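If you're wondering where the values come from, they're calculated on a predicted model, not measured in any experiment. Keep in mind that the numbers below use all heavy atoms, side chains included, and drop hydrogens, waters and symmetry copies. Order of the sequence lines sets the chain letters (A, B, ...), proteins ahead of strands, with each chain counted from 1.
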Protein chains: 2
Amino acid sequence: MKTEFLQNWDTQLKKGILPLFVLKALSKKECYGYELIQELKLSAGLEVTEGTIYPLLIRLMKYNLLTSKWVEQPSGIPRKYYQISDLGKKALKEMKSSIQMTMTKIVK
Amino acid sequence: MKTEFLQNWDTQLKKGILPLFVLKALSKKECYGYELIQELKLSAGLEVTEGTIYPLLIRLMKYNLLTSKWVEQPSGIPRKYYQISDLGKKALKEMKSSIQMTMTKIVK
DNA sequence: TATTAATACATTGTATAACAATGTATTAAT
DNA sequence: ATTAATACATTGTTATACAATGTATTAATA
């Protein structure tokens, strides 16, 4: 079992990392929120709850990094699909290069 | 000038990265708080204020990742020197490997 | 048939931690 | 005499992950 310190640290690190992974996932294919939760678990091992992902998607929309559209389903609840915008692609690029610069400093 | 989104992102990312860099710096040599601020700027390009570093050092002490001692100066204000503990070294190691795993996923 | 689980959206309250602002005190420079 | 740099620290604000809760639909199970 992880110490309290390392658990808190994981949470704080996630606050920085998560938006990047969401943008990255959406740059590969459009997703709806619930789908993203499973996608992030699979692709990055990131376990995220609904109370995290929905507010995050709304925030990314607010900054015009995403677009969205409702899609009715043949059966069940309609899904809100999100797409990365041009601004989102630009932000993702900057975030990647920024974090890679930081990483070289950690190893050094 | 960076967008509001990227500025907030930098701040959030720092919350995850900073403890690692502090432990890393102290694993090289013991430092006092004010010195650490300049050390982090030089070694990692991290700009940190006193309102960030002092509470952080207190937090790391709380989790027994650091030890500290006051050192009187021939002139001026006494300095509180911090040393990394064995537990701190262990945490640093885990943090490094955890973050490097995450990083490979970003590149991938 | 009734109950549970999974899907799919969303909000509210709590906790963590960076940061600006402020405070105290000492010493050096202008 | 005033300002800047050094050196400690605390208070209030803000951003954001997360647990908990809520609504609604459909499938599986007991």
When we call it a touch if two heavy atoms are under 4.0 Å apart, what does Gly33(B) touch: a base, just sugar-phosphate, or nothing? sugar-phosphate
Going by an N to O cut-off under 4.0 Å, is there a salt bridge joining Lys28(B) and Glu39(B)? no
DNA chain D: 5'-most and 3'-most nucleotides touching chain A, 4.0 angstrom heavy-atom criterion: dT16(D) to dT26(D)
Who are the salt bridge (Lys or Arg N to Asp or Glu O under 4.0 Å) partners of Lys62(A), not counting sequence neighbours? none
Inspect the surroundings of CD in Gln38(B) and state if more than 12 heavy atoms from other residues, nucleotides or ligands are less than 6.0 Å away. yes
Please classify the nucleic acid contact of Glu35(B) as base, sugar-phosphate, or nothing, using heavy-atom distances under 4.0 Å. nothing
Any chance CD of Gln7(A) has more than 12 other-residue heavy atoms, nucleotides or ligands included, within less than 6.0 Å? yes
Spell out, yes or no, whether Leu92(A) and Met61(A) are grouped together once hydrophobic residues are joined by side-chain heavy atoms under 4.5 Å, including indirect joins. yes
Sub-3.5 Å donor-acceptor pair from the side chain of Lys96(B) to the main-chain atoms of Leu20(B), do we have one? no
Got a donor-acceptor contact below 3.5 angstrom from the Lys15(A) side chain to the Gln12(B) backbone? no
Checking the side chain of Gln73(A) only, and the main-chain atoms of Val71(A) only, is there a donor and an acceptor separated by less than 3.5 Å? yes
Please check if the number of heavy atoms outside Lys93(B) that lie under 6.0 Å from its NZ is greater than 12. no
Heavy atoms only: give me the nearest Leu40(A)-Ile53(A) pair and the separation to one decimal. CD1-CD1, 3.8 Å
Sorted by number, the residues of residues 52-67 of chain A with heavy-atom contact under 4.0 Å to DNA chain C: Tyr54(A), Pro55(A), Ile58(A)
Assigning hydrophobic clusters by single linkage (Ile, Leu, Val, Met, Phe, Trp, Tyr; side-chain heavy-atom cutoff under 4.5 Å), is Phe5(B) placed with Leu87(A)? yes
Give a yes or no on whether the backbone of Arg79(B) and the side-chain of Trp70(B) come within a donor-acceptor separation of less than 3.5 Å. no
Looking at Tyr81(A), is its backbone amide N or carbonyl O close enough to the side chain of Ser68(A) to form a donor-acceptor pair, meaning the two atoms are under 3.5 Å apart? no
Examine distances only and state if a side-chain atom of Lys14(B) and a backbone atom of Gly16(A) form a donor-acceptor pair shorter than 3.5 Å. no
If you take any heavy atom closer than 4.0 Å to DNA chain C, which residues from residues 2-31 of chain A end up in contact? Asn8(A), Gln12(A), Lys15(A)
Taking any heavy-atom pair under 4.0 Å as a contact, classify Glu50(A): base, sugar-phosphate, or nothing. base
What stems involve DNA chain D, if each pair must be Watson-Crick or G-U and both of its distances must be under 3.5 Å, with 3 or more such pairs in a row? C:1-30 with D:1-30
Residues Leu36(B), Leu57(B); criterion side-chain contact (heavy atoms from CB on, under 4.5 Å); working and verdict: CA-CA 10 Å; Leu36(B) 254 180; Leu57(B) 288 168; 3.8 Å; yes
Please give me every residue in residues 36-48 of chain A whose heavy atoms get under 4.0 Å of an atom in DNA chain D, ordered by residue number. none
Counting any heavy atom closer than 4.0 Å, what does Gly76(B) reach on the DNA or RNA strands: base, sugar-phosphate only, or nothing? sugar-phosphate
